[in-house]
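Some notes on the structure that comes next.
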Amino acid sequence: MNQLTHKYENLIATHCPYCAFQCGMLIAGTRDEAVISGNAEFPVNRGALCVKGWTAAETLNHPERLTTPLVRNKSGRLEPASWNTALSRAAIGFHEAQAKYGRDAAGIFGSGALTNEKTYLLGKFARVALGTSNIDYNGRFCMSSAAAAGNKAFGIDRGLPFPVADIADAEVILLIGSNIAETMPPLMQYFDAQRRNGGKLIVVDPRTSTTAQAATLHLRLTPGSDAALANGLMHLMVRDEWIDEEFILGNTVGFEQVRSTAASYWPERVERITGVPEAQIIEAARMLGSAKSAMILTGRGPEQQSQGVNNVLAFINIALALGLVGKPASGYGCLTGQGNGQGGREHGQKADQLPGYRKIDDTAAREHIAAVWGIAEEEIPKAGKSAYEMLDAMGQSGGVRAMLVMGSNVVVSSPRSERIRERLKKLDFLAVSDFFLSETAELADVVFPAAQWAEEEGTMTNLEGRVILRHRAFAPPDGVMTDIELLCRLAALLDRAEYFTYESTRDVFDELRQATAGGLADYSGITYEKIEDQNGVFWPCKSEADAGTPRLFTDGRFPTKSGRAQFHAVQHQAPAEVPTARFPLYLTTGRLLSQYQSGTQTRRIGQLTKMSPEPLAELHPQTARRYGLAQGDKVWIETKRDAAKFKIKVTPNIREDTVFLPFHWGGAQAANRLTNAALDPISRMPEFKVCAARISKVIEE
Ligand SMILES: Nc1nc2c(c(=O)[nH]1)N[C@H]1C(S)=C(S)[C@@H](COP(=O)(O)OP(=O)(O)OC[C@H]3O[C@@H](n4cnc5c(=O)[nH]c(N)nc54)[C@H](O)[C@@H]3O)O[C@H]1N2
Ligand SMILES: Nc1nc2c(c(=O)[nH]1)N[C@H]1C(S)=C(S)[C@@H](COP(=O)(O)OP(=O)(O)OC[C@H]3O[C@@H](n4cnc5c(=O)[nH]c(N)nc54)[C@H](O)[C@@H]3O)O[C@H]1N2
Ligand code: SF4
Ligand SMILES: [Mo]
């Protein structure tokens, strides 16, 4: 029994506000003095939390919390206003922009942090209340490459097609560009168990990350060379006859082209491209090829590249060639990132998508959704612009002129963030819904104060595809509304009240169930009660009698046209920007344990800020010596976009040709001032993980 249960009568079971692991939490006390503990009965984290989870209560009663709407006054300052004033400013803002420039001048930028209910409602709000095609979200910056690759190869995209508990039983795991020891620490318990069971872990990362330090074998590849490494492994699978001919023949299509492409990726050549010693490539191939069960898992490393989809496809090819997909403790999976990164990509806040993972250009899908919404099929707009393209076109001819951002801090987290800041300033109208005055909210005409995780009910879908329920532990502060109330009231001011009449969040979920019925991500059989009874329900769940689907593909069939999984022959292609004489280093970006994303929440929490008070640029000792730098010195890091100043951390845990920056800070220290906005042609994912940079010592003023 948890100690807390003795002390508090009203323990509420809920989930962490941050990442896709969605740790089960117990929360007690009052909003001002909330006490958090890990929920040992929740089968995913099994009681464990990371430091961000432990300290999450501080977000609730933080002195900087927004508790009233803000509206920009005539002298250009944001000042407190009533909800009526703020909402009517927003309605007028959208109305004027659309009257002047057409329907698509209204834009919505959503988030993988939002509950399924909010995600669903935001998609409906864009199409029904605003009638715009322009809605997209920060998931484009997150796992869109893995999602696109999963759809192409398997016909479906559920990050992990199995529960995390299966990880402990895998003989070998190939983990590519994911630093779970910092980004999902409680997930490490399954990897630790796997190695205790005699399993082996191969980590592919240009840094000897905290996770790589726990690996059996670490392949420290050159940034942007993932597809070459994957093809090199495939070459050895074929050469050494580890492939599963029976599975390939019976359950897949397209292998012959993959086999011939892999023929030219012999180990010496792959060593030249990736910088990984030939012997290590051969050792990794042997481990994988000879294992009875194996998993291949990707994180943002290989995905956040202009070749992100190809990179993932190249690794999926190995999982298919070895016949791993659908087998016990085996297969390919993507480790989804944001709290509702999975559900967020299923219910229609993406430009080309309708609820239930339906495609917006599919007539049958449009008819189904139109019937649920009570509108004509022709009234649903077509696909709009992808996230970065929508942001980049703001205030430009043909672009969005009035925008609502809900759950994202794009000024910090978009590539080329200074350019995006300029674009935001060009909007006729900007509204932001947030808990705090984020760097993006600072630029808004209207800021709406939103209720937080522990103050509202709603479902989230974790990285395993398990739909879980957040309970409301406390009422929000006076003056704060939920995003659902906000959307319904704004819809009413836009004369669409009749389409947005919900008594409760549960009503929204019930409509979502109908909307997803028959889709790929079918939630129609999921109820709040079933979620509670079963500790979550895995989609698809097609009827109330259906307990859900923890494991996909176990029958060897795939929801593709042919019913088989699809191989894709891909070539290694260099990143959009590679080091040159002028910009001789690779710059890569990512995360630290104690900060979350754009930092709006975690930079406000004392203990977390103490752990990481500022962004440090990680450099290898040899590189530091070459530039005459010592621990703690300051450097200018410069790319073709911009330059910014950082203190350095000298560490042997990085390649000599690479600099690493965390992206959790805004303003002058935003890593995204420097990043390249080259997009993957299919997923439209920006190349956050690779660009070319130069450094020089800062001579103190
Ligand atoms: N503490 C913390 N946890 C988080 C988050 C957070 O902000 N903070 N965010 C959540 C979210 S939304 C996400 S998406 C996940 C992300 O979780 P991860 O994918 O684990 O996070 P990253 O640090 O972005 O990238 C992972 C690794 O990719 C490596 N890498 C860089 N370039 C390359 C390359 O070219 N190839 C390969 N193979 N690897 C490369 C980096 O060195 C890094 O160690 O974390 C979630 N959890
Ligand atoms: N250089 C670089 N840039 C990156 C990445 C990288 O690896 N490198 N990673 C990318 C990835 S994977 C991601 S996911 C993005 C994330 O970047 P962002 O999209 O900026 O994500 P967050 O910082 O989580 O922003 C969420 C904002 O919404 C607020 N918020 C949270 N929940 C809610 C809610 O329910 N309602 C409302 N109204 N507000 C809410 C928070 O306070 C916060 O201000 O960054 C991307 N940017
Ligand atoms: S691992 Fe993720 S969900 Fe769990 S406590 Fe940490 S941030 Fe929260
Ligand atoms: Mo993410």
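We count ligands from 1, going down the list as the structure has it; atoms in each ligand are counted the same way.
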Would you check the N or O atoms of [X], main chain and side chain alike, for any that come under 3.5 Å of an N or O of ligand 1?
X: T222; result: no
X: K52; result: yes
X: R207; result: yes
X: G224; result: yes
X: Y596; result: no
X: S209; result: no
X: K689; result: yes

Between N672 and S417, is there a side-chain donor-acceptor contact under 3.5 Å, judged purely by atom types and distance?
no

Give me the residue, atom name and distance of the protein heavy atom closest to [atom].
atom: atom 1 (S) of ligand 3; answer: P186 CD, 3.3 Å
atom: atom 23 (O) of ligand 2; answer: S598 OG, 2.5 Å
atom: atom 8 (Fe) of ligand 3; answer: C16 SG, 2.3 Å
atom: atom 5 (S) of ligand 3; answer: C50 N, 3.4 Å
atom: atom 2 (Fe) of ligand 3; answer: C19 SG, 2.3 Å

For [X], which part has a heavy atom under 4.0 Å from ligand 2: side chain, backbone, both, or neither?
X: V412; answer: neither
X: D434; answer: both
X: Q304; answer: side chain
X: N672; answer: side chain

Taking 4.0 Å as the limit for heavy-atom contacts, which would you say applies to [X] with ligand 1: side chain only, backbone only, both, or neither?
X: C142; result: side chain
X: M143; result: neither
X: T588; result: side chain

So is F436 in contact with ligand 2, going by heavy-atom distances below 4.0 Å?
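Checking ligand 2 against F436, which is what was asked, there is no heavy-atom contact under 4.0 Å.
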
Under a 4.0 angstrom heavy-atom cut-off, which atoms of ligand 2 come close to [X]?
X: N138; answer: 18 (P), 19 (O), 21 (O)
X: A450; answer: 38 (N)
X: Q601; answer: 41 (C), 42 (O)
X: T600; answer: 42 (O), 43 (C), 44 (O)

Between E303, Q307, R591, Q595, flag the one that comes closest to atom 8 (N) of ligand 1 by a heavy atom.
Q595

For atom 43 (C) of ligand 1, which of L593, T589, D205 has the closest heavy atom?
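Closest candidate by heavy-atom distance is D205.
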
Should [X] and [Y] count as an ion pair when the cut-off is N to O under 4.0 Å?
X: D392; Y: R419; answer: yes
X: R470; Y: E456; answer: no
X: R207; Y: E618; answer: yes
X: E418; Y: R673; answer: yes

If we set the cut-off at 4.0 Å for heavy atoms, which region of H15 has an atom near ligand 3: side chain, backbone, both, or neither?
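For H15, there is no contact with ligand 3 at all, from either part.
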
Aromatic ring proximity [X]/[Y], centre distance under 6.0 Å:
X: F141; Y: F688; answer: yes
X: F42; Y: H15; answer: yes
X: F436; Y: H62; answer: yes

Considering all heavy atoms of both residues, which atom of I296 and which atom of A319 are nearest to each other, and what is their separation?
CD1-N, 3.7 Å

Close-contact set for ligand 3 against Y18 heavy atoms, below 4.0 Å
7 (S)

Just wondering, is there an N, O or S atom on C23 that's nearer than 2.8 Å to atom 6 (Fe) of ligand 3?
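False for C23.
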
Check: L463 main-chain N/O paired with T336 side-chain donor or acceptor under 3.5 Å:
no

Whether H664 lies under 4.0 Å from ligand 1, heavy atom
yes

Proximity flag L592 to ligand 1, non-hydrogen atoms under 4.0 Å
yes

Can you find an N/O atom of N409 closer than 3.5 Å to an N/O atom of ligand 2?
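Min N/O separation from ligand 2 is below 3.5 Å for N409.
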
